[in-house]
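To start, the structure itself, in structure tokens.
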Amino acid sequence: MSLRQFEYALAVAEEGSVTAAAEVLRVAQPSVSQQIRGLERDLGVELFSRTPTGLVPTVAGRAFLREAEVAVNAARRARATARAGADELVGELVVAVQMGLGARQLPGALSALRRRFPRLEITVFEEPNPTELERLARGGVLDVALMAGPCEEGLYDGHHLGDEEFVVVLPAGHPALAADRVELRELEREPWVRFDTSSALDGVLVEVLRDNGLAPTTVARVSQTATAVRWAVHGLGVTFVPASAVPPGHEHLVRPVSPAVSQPVVAAVRPGAGPAETALLEFLRQETWYRFGQSWVAPPSATSSAPVV
């Protein structure tokens, strides 16, 4: 078996056909078919079932592909480390972010990282579902993840960056904007713009509502924090997001709540991290993480948050 066969099998599983996988891999279709047949012959099992809608991994295929993904990612990291010189790093860094966290801080940190390592490729996933985030981590896909800690020690090393306070977004002219903080009970009769039920953000709101004995009306569910903020600003309902997830220009329509709600922000970094992961962690620590005091202070714009390197 070869690493190339692993990569071809993963591409076929992702694309659902040999033809599509060959296009993605930029190789001839017969080459992909030959490699998959050879792999199945070496393993003594069928990795894919042929169905009317395409190729679907078998039970044995799914088990194999999980380990193949780990192997391919390990090889990718090994190549990047081997090619790293004193001032240069070549390879790919894969970052995942729990939706809503680091929306202002991560772009500045990643920009600084690219300036230090201009040949480094960076892939970022914004993942609303914590279960999917865990699956990616266990599959060895991720180099760094931003999450509302703690992370599972041993699998990744957790580094506390700061705390994110949650805020409520209100439409212009709302009476509650007259206060520095908004009592949650004042919002019980308001319609709410919420997130998908499987998302970590909606999980936070569920806990907050339960702890305060509230059962407000849900008027919409969305999958992105920017969408929730826009809809709240236009009067569809109020919404509840981490402070840094508020797009610049809307700070005047945002208030922290009472009782205060905040989450720790943790950078989960693979043990034995290389120079790219170490540098990104350094830049993230230079960013400002918002936890407000007794009165609301609008966070600075994203353009001013990039660290100087």
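Sequence positions, counted from 1, serve as the residue numbers for this chain.
Within the 4.5 Å cutoff, side-chain heavy atoms of Val204 are placed close to those of Val261. Contact check for Val238 versus Pro191: no side-chain heavy atoms found under the 4.5 Å cut-off. Residues Val169 and Val193 fail the side-chain proximity criterion, which asks for heavy atoms closer than 4.5 Å. Contact check for Gln98 versus Glu126: no side-chain heavy atoms found under the 4.5 Å cut-off. For the pair Tyr156 and Val269, the minimum side-chain heavy-atom distance is 4.5 Å or more. With a 4.5 Å cut-off on side-chain heavy atoms, Val257 and Arg181 do not count as touching. Two residues are said to be in side-chain contact when any heavy atoms from C-beta on lie closer than 4.5 Å; Phe166 and Val208 fail this criterion. Side-chain contact between Val45 and Thr58 is absent, with no heavy-atom pair separated by less than 4.5 Å.
Linking Ile, Leu, Val, Met, Phe, Trp and Tyr residues whenever their side-chain heavy atoms come within less than 4.5 Å places Leu43 and Val72 in a single cluster. Note: the hydrophobic cluster containing Leu25 also contains Leu3 (ILVMFWY, side chain heavy atoms under 4.5 Å, direct or indirect links). Cluster annotation: Val56 and Leu65 are assigned to distinct hydrophobic clusters (Ile/Leu/Val/Met/Phe/Trp/Tyr, side-chain heavy-atom contacts under 4.5 Å, transitive). Side-chain heavy atoms closer than 4.5 Å link hydrophobic residues (I, L, V, M, F, W, Y) into clusters, and following such links, possibly through other members, connects Trp231 to Val219. Hydrophobic cluster membership differs between Val144 and Val70, with clusters built from Ile, Leu, Val, Met, Phe, Trp and Tyr side chains linked at under 4.5 angstrom.
To the nearest 0.5 angstrom, Arg41 atom CZ is 12.0 Å from Ile36 atom CD1. For the atom pair CE (Met99) and CG (Leu201), the distance works out to 4.5 Å, reported to the nearest 0.5 Å. Going from atom CG of Leu253 over to atom NE2 of His174 covers 11.0 Å, rounded to the nearest 0.5 Å. Separating the OG1 atom in Thr217 from the CZ atom in Arg189 is a distance of 10.0 Å, to the nearest 0.5 Å. If you take CG on Leu284 and CG on Leu161, they are separated by 5.5 Å, rounding to the nearest 0.5 Å. We find the CG-CG distance between Asp157 and Leu281 to be 10.0 Å, quoted to the nearest 0.5 Å.
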* **Check against side chain to side chain contact (heavy atoms under 4.5 Å, CB included), Val222 and Phe195** => CA-CA 5 Å; Val222 299; Phe195 298 94; 4.0 Å; yes
* Asked: Is there a side chain to side chain contact (heavy atoms under 4.5 Å, CB included) between Leu47 and Phe64 once you walk through the steps?
  -> CA-CA 8 Å; Leu47 297 176; Phe64 169 79; 4.0 Å; yes
* What's the verdict on side chain to side chain donor-acceptor pair (under 3.5 Å) for Ser262 and Glu164, showing C-alpha distance, side-chain angles and the deciding distance? -> CA-CA 5 Å; Ser262 64; Glu164 278 276 18; over 6 Å; no
* Test side chain to side chain contact (heavy atoms under 4.5 Å, CB included) applied to Leu184 and Leu209, step by step -> CA-CA 8 Å; Leu184 279 167; Leu209 296 176; 5.9 Å; no
* For Tyr8 and Val12, run side chain to side chain contact (heavy atoms under 4.5 Å, CB included): C-alpha distance rounded to whole Å, both residues' side-chain angles, the deciding distance at 0.1 Å, then the answer. => CA-CA 6 Å; Tyr8 283 14; Val12 170; 5.5 Å; no
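Put simply, the side chain of Asp143 gets close to the backbone of Val94: a donor and an acceptor are under 3.5 Å apart. With hydrogens and angles ignored, the 3.5 Å screen pairs no side-chain donor or acceptor of Glu190 with any backbone N or O of Glu188. Glu277 places a side-chain N or O within 3.5 Å of a backbone atom of Gly274 that can act as its donor or acceptor partner. Formation of a donor-acceptor pair under 3.5 Å by the Gln5 side chain with backbone atoms of Ser2 is found in this model. No side-chain donor-acceptor contact under 3.5 Å links Ser31 to the backbone of Val27. At distances below 3.5 Å, not a single donor-acceptor pair connects side-chain atoms of Arg230 with backbone N or O atoms of Ala228. In this structure a side-chain-to-backbone donor-acceptor pair under 3.5 Å is present from Ser111 to Pro107. The backbone N or O of Thr288 lies less than 3.5 Å from a partner atom in the side chain of Gln105, making a donor-acceptor pair. Judged purely by atom type and a 3.5 angstrom limit, Arg255 uses its side chain to pair as donor or acceptor with the backbone of Ala179.
The two residues Ser244 and Ala103 have their closest heavy-atom pair at O-CB, 3.4 Å. The two residues Leu93 and Ala276 have their closest heavy-atom pair at CD1-CB, 4.1 Å. Of all heavy-atom pairs between Val266 and Gly158, the closest is CG1-CA, 3.8 Å. Annotation for Ala9 and Leu39: closest pair CB-CD2, 4.0 Å, computed over non-hydrogen atoms. For the residue pair Thr225 and Gly100, the shortest heavy atom distance occurs at CG2-CA, 3.9 Å. Heavy atoms only, all atoms of each residue included: Leu146 and Gly102 are closest at CD1-CA, 4.4 Å.
Arg221 and Asp202 are joined by a salt bridge, as a carboxylate oxygen and a charged side-chain nitrogen come within less than 4.0 angstrom of each other. Classification of Glu92 and Arg119 as a salt-bridged pair fails, no side-chain N sitting under 4.0 Å from a carboxylate O. For Arg116 and Glu282, the salt-bridge test passes: some basic side-chain N is under 4.0 Å from an acidic carboxylate O. Between Arg62 and Glu46 there is no salt bridge, since none of the side-chain N atoms of the basic residue sits less than 4.0 Å from a carboxylate O of the acidic one.
Around CZ of Arg4, the count of heavy atoms belonging to other residues, nucleotides or ligands within 6.0 Å does not exceed 12. The number of heavy atoms from other shown groups lying within 6.0 Å of CZ (Arg210) is above 12.
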